[in-house]
Every structure is written in structure tokens, then in C-alpha cells.
Amino acid sequence: MYFDVVDELNQVLQEAARDILGDAFDQAEPAGFSPARDLSHGDLTTTAAFNWAKSLKRNPRELAGEIVMRLSGHPSIEKASAAGPGFINVSLSSQVLLNTLGAALKQDSAYGRSAKYAGKKAMVEFVSANPTGPLHVGHVRGAIVGDTAASLLEAVGYEVTREYYYNDAGVQMEMLGRSVRARYWQLFGLDEALPENGYKGDYIRYIAAAVKTAKGDSLLESGEWRPFTEFAADVLMSVIMDDLRKLRVRFDTTFSERSLHENGSVRQTIDELTAQGATYEQDGALWLKSTDQGDDKDRVLVKSDGEPTYVTPDIAYHREKYARGFDLLVNVMGHDHHSQVERVKIALTILGYRLNALNYLLNQMVSIERGGEKIKLSTREGQFMTLADMVDELGADVTRYFFAQRSYNSQMIFDWDLAKRQSMDNPVYYLQYVHARTCSIEQKAEERGIDRAPNLDGIDPAPLRGERERELLLKLFFYPNVVMDAAERLEAHLVPAYLEDLAKTFHGYYQAQRVLDQDDPEGSRARMKLVLGVQRVMRNGLSLLKVDAPERM
RNA sequence: GCGCCCAUAGCUCAAUGGAUAGAGCACCUGCCUUCUAAGCAGGUGGUUGCAGGUUCGAGUCCUGCUGGGCGUGCCA
């Protein structure tokens, strides 16, 4: 409904633009309707008059008046008016709002979804933590930012691949293998210390014990670290995936860094950069002339020991991504890796790739505050709170919601005590309570034999024309636009913001207006449908965030 | 030093360049014989870090400061 109505009105605007602007039409800023921020200014609003006034050198207020004339009488509009210095405000007809409710009920779980990007393919790469230990709370934010972005893209029609890129090569993996080997040796009574900068967590001991169970003493002889790395990486990847499942995150594909070395992709990337004249050798290493592209220093691609640095396979990985034919690439990573982003972009530019489709969501750091104190997120010293601990203690609903609620771009203080509270202060329950309440009303309606079919057949619309009812209907009307806006901007937190607004409006309505009234059967029927509409939207919104919508609380 | 990000109510955070900057928490005052009080209604609380600039219009864009987070490695 939303897009149909706005398209219609924008059409009128376009025609007006053509007539009023004449020759200036081509240069004029485009203008369209969007939801009014303040409902006292109508339902939809546009600043078209401001945009056009400049090129015409005319008074925007006067222009607004002309545009309003053209809008009035439109079947979707109850009232159009010019306001302030030149705003154009529109109130929607009650028929549009009623149709919205009908659509929400009929489309049910599809309401708010769209086919705008049907046929397009997107990849969201996220988490991508190296399998050197279990995921800790620092990874949770990226997991939720990525997963929710993926859900939003799906909701607007993209075919989405959720991918986990993991580093199973390189120095850190060697350190992992050596750490496990040391613990393994200790199990046989050998006095072997962990390597310096080794992994000190207890999980290393468990993995060593698992190696012993699986392989006995057969790995003692050779002393090779590689088998330990492989064993540990397998174990840890499956632990990571299990933990992510607890958060309701599932990946479609994993991508191994080692495969890029083995299939020659890394080599080829280096060769092509060299063929572009973008590299040189110095001190036994191969350097990328990134300063030519504005970097403040050149970067090493291949170390003097012949091993590539971390950035080189990352460039190769992105070439693979491009080759796989996605229309949209989304990379989620911690902001502490932002310098890596620049180097990959520089290399891709040198190689002739366009960066338009490549989006990075660099989520800012998280700190957790508990009992008035900040608690440690992670440390190489083996003391950390894991993702699993967090989900076990808070539950997936709360964990997901708290992270989804905030813009990924703002540093976040996670209020553990609030998250832990099962009360009205906790916004998750505030939203879920809306759903539970609607279900409760629905059940009562069933007991009383009141129609709660998902359609508006035979409904008297009069009871839905009240101010409060209208406000709710309008919020339902906006929902598809919230989803679209959040998806296109990759700003998932717009959804929680909307849902909280809807919840507040609904709870207020519930308090002020009895839905099922024995003395008003017509009104009860109509309001019941409205409540069902709210229920659908709340359920759909929570489902985008993968938060449960309980029927009872 | 240089680069990226941030600075909004006491606290945690919102606000496609638009109208009187909004929520939640905290604090104060009321509201349960009714479909769930995990709720509602109202109140207190702001020079949007500072100084300039662009614009019809700036919390939002630009410049310079101040203060913070993170980078700045032949680690990832």
C-alpha cells in the first residue's frame, strides 16, 4: 500500500514539476513524499516547493500553494495543505488506511516485504573470526549486524548469501597448533611450556585431550604442529558455528583463506598487481605502491620470508567475490580493522574493480557495564566472556535485540543489568508484550464468538476513524517503508526504533480504548481487526530481528 | 605526528539538510471489580563539546579547535 500510494502522489508531483518548471525541469532537484516526522503536520510531506523555488526564483510558499491545488481531489488524499515557509502536507483518506489494514491482514507474514530487488544477489560476509578460540562478546555485535542486514535485504527481495570467511593459514594458526601441541605433550607428562604469545585458554587443554583421544600418542613422534592446527581448527569451527546457532545465526557458506593459496588465487592477484606496475621489491619483500592511491605508506604484500601478509589473500578473496556475480557486497567487520578496508579498496581500484557495490559496515567497539563496572570483553590471556556465556545468561531474544537496537556506527555501552531484568524497563519485553496482548485479546474474542478472520469482510469502518485508531493505522501503513529504508541504508536499528514507537502507541490505545465491548458489537469487530493488524506487524518486525513473538507472557 | 569514527537531557541512545531536537532509564504525581499493571497518563530535565562558514533552512554539510575510542606491523 505504502509504495503504491506514494508512487501515485509522486506521479502528480512529477506532472506538476513538468508544468510549473518548464525548461528548468531537467535541472530541478527531484522531490518525493515521505512520512511526516510530526503527525500534526499531516501524514506525508514533501519539500518539493523548496527544491523548485530556487531554479524558478520564486517564493516557495506560493509554489506550494500551486502544487497543493493539483493534489487536492486525489482519491488517496483527504486533505492537502501548504504550511510554514513552503511545506506541503497531505492527510491520507480513511479508505487508504483501511486498505492498509486489509493488506496487512491478507498478506500476513509477507506484509512489509517487497520484491523491489527480486532477481538481485547479495552477499553479506560477517563474523569471519579466525578459528583460534571460541567467539567472545566482541564478536556478537558483528554477528547481529550482519545477520540482521542479511534479513533486511531478503525482505526487499535480494537472494542473500551469508558467508563466513575464515583464516586457516598464517602465523596465528601456527601459534594455535603449537599451543595445542604443548598441551598435548603435557598430557604425556612432558614438561613443555606454552609458546610465547601462545593461546592460554582452557579450551586449548580440551582440544589437546580430544587429540589424545582421537590419535593416541601417534603425534608424539614427528613433533609436527600442522596436524594440531588442523584438528584444532576443525573443532573450533564447529564450536563457533554451534555458538552462532544459539544466536540464531546460520551461514550459507564458509570460505577458507587457505583455498585461495592452494588454488593460485593469491599468486595471481600478486601477478596482476605487478602487471599493473603497482608493486616493487625492497628488502626482500614485495610492496604495493599504495601511496599512489593516497595511502600514507606503501604496504607489504609478500614478506621477505616469502609468505603473503594478511592483506594479500583478502584482496584475492574480494576478486573471488566479484567473480561470483553478486549485485551487492556487504562486509561487516569491527572498526578496528578499518585500515585494512582502505588497502583492499586501493588494490581493487588498481585492478580495475568498481567499488560501488561494495559496502563496509564497520561496527564500533562494545563495552559491557555490569553492576556499575565495565567488564573485560576479551583478552589473549584466556580470560573472557564468550558468546555462549552471554546467550546462556541473557537469552537470544535479549542479546539480539540489544545489539540490533543501536546503530552499528556508534560506540556502545551494553547495559548488562538492564538486559538481565525481566521487567517493563527492558525494551524487548515491552515489544513482546504487545504481541502477547493482541493474542490475549484474540483469544477472548474467540471465546465470545467475535469475528477475527484476517479480512475486513462486512466490517463497519466507522469505529476505526477515531483519532487513536487512525494513528495506529497510519503506523501500520508506514511499516513497509521502514523495512525498505532500513534495508537500503543498511541501518537495521531503524526497525527497533519503529517497533518501539508502534508499541508505545498500541499500549496507549489498549489503555484508553476497550477493544472488546459487550455493548458495542460492531466496534468490537472492527477494533479486533485493527488489533490483528498490529499483531501482524509486530510479529513481522520481530521476526526480521529474529526475536520471538510470544503469545503469552 | 597522520588516518578512520564519535561528542545530543543526570545516564543509555534516536532524529533521508526541513517545521517546536525525541524515546527509554533515573527522579516526582496519579491510574488495576474490566481484553495481561511486563501496562497507561502527566511532570522535572537541552546554548546538540567550542568557534567560524555554506544554505531559504544545519544536530546533520565544510574548516579550525577541544575532548574520547580505534588504527597507524614484513601481526590478523
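In the text below, chain A, chain B and the rest are named by the order of the sequence lines, each starting its count at 1. Just so it is clear, the values below take in all heavy atoms, side chains as well, and ignore hydrogens, waters and symmetry mates.
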R437(A) side-chain N/O to A37(B) phosphate OP1/OP2 under 4.0 Å: yes
Same-atom distance (P) from U60(B) to C75(B), integer angstrom: 42 Å
Would you please say whether a donor-acceptor pair under 3.5 Å links the side chains of H318(A) and N331(A)? yes
Using only heavy-atom distances, determine whether the side chains of E174(A) and T229(A) contain a donor-acceptor pair under 3.5 Å. no
In whole Å, what separates the C1' atom of C27(B) from that of G10(B)? 10 Å
Return the set of residues passing side-chain contact (heavy atoms from CB on, under 4.5 Å) with T254(A) (not counting sequence neighbours), or none when no residue passes. Y164(A), Y166(A), M237(A), M241(A)
Among E257(A), H337(A), Q340(A), find the one that has a side-chain contact (heavy atoms from CB on, under 4.5 Å) with D314(A). Q340(A)
So which nucleotide from C35(B), A38(B), A76(B) ends up closest to the side chain of M553(A)? A38(B)
Which value, in whole Å, describes the distance between the C1' atoms of nucleotides C6(B) and G49(B)? 12 Å
Establish whether the base of A76(B) is bridged to the side chain of Y310(A) by a donor-acceptor pair shorter than 3.5 Å. yes
Which is more 5' along RNA chain B, the nucleotide nearest E369(A) or the one nearest G170(A)? Just name the residue. E369(A)
Does any residue of residues 298-306 of chain A have a heavy atom under 4.0 Å from RNA chain B, and if so, which ones, in number order? R299(A), V300(A), K303(A), S304(A)
Could you check how far CG of L176(A) sits from C1' of C75(B), rounded to whole Å? 15 Å
Does Y510(A) have a side-chain nitrogen or oxygen under 4.0 Å from the phosphate oxygens OP1 or OP2 of A37(B)? yes
Salt bridge R448(A)-D451(A), side-chain N to carboxylate O under 4.0 Å: no
Classify the nucleic acid contact of E174(A) as base, sugar-phosphate or nothing, counting any heavy atom under 4.0 Å across all strands shown. nothing
Under 4.0 Å from any atom of RNA chain B, heavy atoms only: list the residues of residues 484-504 of chain A that qualify, in numerical order. R489(A), H493(A), K504(A)
Is the ring centre of F87(A) under 5.5 Å from the base ring centre of G18(B), and are the two planes under 30° apart, so that they stack? no
So what does I413(A) hit on the nucleic acid, given a heavy-atom distance under 4.0 Å: a base, only sugar-phosphate, or nothing? sugar-phosphate
Reckon D415(A) touches a base, only the sugar-phosphate, or nothing at all at heavy-atom distances under 4.0 Å? nothing
Inter-nucleotide C1' distance (U48(B), C13(B)), Å rounded: 14 Å
Only residue of R514(A), R527(A), R525(A) satisfying salt bridge (charged side-chain N to carboxylate O under 4.0 Å, His left out) with D520(A) is R527(A)
Return the value, rounded to whole Å, for the distance between atom CZ of R61(A) and atom C1' of A19(B). 12 Å
E551(A) atom CD, over 12 foreign heavy atoms within 6.0 Å: no
Take a 6.0 Å sphere around CD of Q282(A) and say whether it holds more than 12 heavy atoms from other residues, nucleotides or ligands. yes
Is a donor on one side and an acceptor on the other found under 3.5 Å between the side chain of T45(A) and the backbone of A36(A)? no
Do we get R437(A) above F506(A)'s six-membered ring, with its NZ or CZ under 6.0 Å from the centre and within 45° of the axis? no
Is there a donor-acceptor contact under 3.5 Å linking the side chains of E488(A) and Y117(A)? yes
Can you check the distance between C11(B) and C4(B), where both ends of the measurement are the C1' atom (answer in whole Å)? 27 Å
Quiz question: by atom type and distance under 3.5 Å, do the side chains of E163(A) and Y317(A) form a donor-acceptor pair? yes
Would you call the rings of Y498(A) and Y479(A) parallel, tilted or perpendicular, where under 30° means parallel and over 60° means perpendicular? tilted
Consider only side-chain N and O atoms of D517(A) and S524(A), and report whether a donor and an acceptor are under 3.5 Å apart. no
Sub-3.5 Å pairs of nitrogen or oxygen atoms, protein against nucleotides 3-9 of chain B:
unit_1	atom_1	unit_2	atom_2	d
G3(B)	N2	H338(A)	NE2	3.1
C4(B)	O2'	H335(A)	NE2	3.1
C5(B)	O4'	H335(A)	NE2	3.3
C5(B)	O3'	N409(A)	ND2	3.2
C5(B)	O2'	Q364(A)	NE2	2.5
C6(B)	OP1	N409(A)	ND2	2.9

Mind telling me whether C32(B) is syn or anti, cutoff 90° either side of 0? syn
Can a side-chain donor-acceptor contact be found between R343(A) and Y310(A) if the only test is distance below 3.5 angstrom? yes
Please report the distance separating the C1' of A15(B) from the corresponding atom of C50(B), rounded so that it comes out in whole Å. 23 Å
Is there a donor in the side chain of S40(A) and an acceptor in the side chain of D38(A), or the other way round, less than 3.5 Å apart? yes
From CG of L431(A) over to C1' of G24(B), roughly how many Å is that when rounded to an integer? 12 Å
Rounded to the nearest 0.5 Å, how far does CG of L260(A) lie from OG1 of T269(A)? 8.0 Å
Across the strands shown, which category fits A445(A) at heavy-atom distances under 4.0 angstrom: base, sugar-phosphate, nothing? nothing
Taking both distances under 3.5 Å as the test for a Watson-Crick or G-U pair, what stems of at least three pairs does RNA chain B have? B:1-5 with B:68-72, B:10-13 with B:22-25, B:27-31 with B:39-43, B:49-53 with B:61-65
N/O (side chain, R37(A)) to phosphate O (OP1/OP2, A19(B)) under 4.0 Å: yes
So which of residues 38-49 of chain A are in contact with RNA chain B, with a heavy-atom cut-off of under 4.0 Å? H41(A), T45(A), T47(A)
CG-CG distance between L490(A) and L152(A), expressed to the nearest 0.5 angstrom: 8.0 Å
In whole Å, I'd like the distance from the CG atom of D517(A) to the C1' atom of C35(B). 11 Å
Reading RNA chain B from 5' onward, which residue's closest nucleotide shows up sooner: G508(A) or R421(A)? R421(A)
For U8(B) and G59(B), measure between their C1' atoms and round to the nearest Å. 7 Å
Among the candidates G71(B), A76(B), C13(B), find the nucleotide nearest to the side-chain atoms of N167(A). A76(B)
In whole Å, measure the gap between the P atoms of A23(B) and C40(B) for me. 13 Å
Just to verify, which of K475(A), E467(A), E469(A) counts as forming a side-chain contact (heavy atoms from CB on, under 4.5 Å) with E471(A)? K475(A)
